[in-house]
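Atoms within each ligand, like the ligands themselves, are counted from 1 in listed order.
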Amino acid sequence: MVVRNKAARPRVGVFKFASCDGCQLTLLNCEDELLLLAGKIDIVHFPEGASPARPDGPFDLAIVEGSVSTPEQLREVRHIRSRSRVLVTLGACASSGGIQALRNFANHDEFRKAVYARPEYIASLATSTPVSHHVPVDFELRGCPIDKNQLLELISAYLRGRSPAIKNESVCFECKRRGTVCVVVADNTPCLGPVTHAGCGAICPAFRRGCYGCFGPREAAATESLAAHMKNIGKSEQEILRSFRLFTAGAPAFEDESRRHE
Ligand code: SF4
Ligand code: SF4
């Protein structure tokens, strides 16, 4: 990440595109740390937390939630990038297009007609895409929603001018660390943990459920091997397709794997 001037309180803007607001709420949910944070950064734009007049920047740090889903958002993300020294994204929508990226696999106009009485008034793009498809992104924080501790680590790293200590490891590592019995081994339950980026603390396997990949693919995710295993335990092509085509359907590794099962 870009090294900042540590003498001044950095001007921070929090922005939202197509999303449910859950990742921004994670920032507000930092209850114990929020006052401390407020003393270290100057949040000049955060509609979810207040309703200030929208400043035009410049921003030292732009925190962006949501996917690019409308022509207006496309213009806005480019403008925000041009007014920000560092830009990080929060969550599955901003890093992979979110659940709304399911339309990337279908006919956008048919969807619009089915959902809206007057589709001609709806200005939306045919695809929902991650912020990084349109502008350079300095760091993508994963999750649906993101994990509070990872968010605090990201902001702390920014304030100290170092890289965030967020490892590219799979959910399986978190399972092992918390001593959770593997649901694949114990119950033959399908689980995307081996190919999914860590960060949630392996919540789902702790409740005897398979991971459904809401943190998106880790780097070098061996999706083909996992799909072969799913087939071996009796899952149909359609079930395998649906496993990879969910909250992070637009992430290239999961998109490619789901297309192999169409
Ligand atoms: S339950 Fe899933 S995430 Fe946990 S170790 Fe098994 S395969 Fe990995
Ligand atoms: S275990 Fe998987 S699906 Fe469950 S919260 Fe973690 S990353 Fe998301």
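Distances under 2.8 Å from atom 2 (Fe) of ligand 1 pick out the protein N/O/S atoms C191 SG.
In terms of modelled atom types and a separation under 3.5 Å, the side chain of T26 and the main chain of G22 share a donor-acceptor contact. One N or O on the side chain of T70 and one on the backbone of Q73 form a donor-acceptor pair closer than 3.5 Å.
Among all non-hydrogen protein atoms, the one lying nearest atom 6 (Fe) of ligand 2 is C200 SG, 2.3 Å. Closest to atom 3 (S) of ligand 2, if we only count protein heavy atoms, is Y212 N, 3.3 Å. For atom 8 (Fe) of ligand 2, the nearest protein heavy atom (residue, atom name, distance) is C214 SG, 2.3 Å.
The atoms of ligand 2 that sit less than 4.0 Å from any heavy atom of G213 are 2 (Fe), 3 (S).
Salt bridge status for R245 with E262: present, with a side-chain N to carboxylate O gap under 4.0 Å.
Taking the six-membered ring wherever Trp is involved, the centroid distance between the rings of Y121 and Y116 does not fall below 6.0 Å.
Shown here for A92 and C144, the closest heavy-atom pair between the two residues is CB-CB, 3.9 Å.
I41 places none of its side-chain heavy atoms less than 4.5 Å from the side chain of L61. Annotation: side chain of L125 is in contact with side chain of V68 (closest heavy-atom distance under 4.5 Å).
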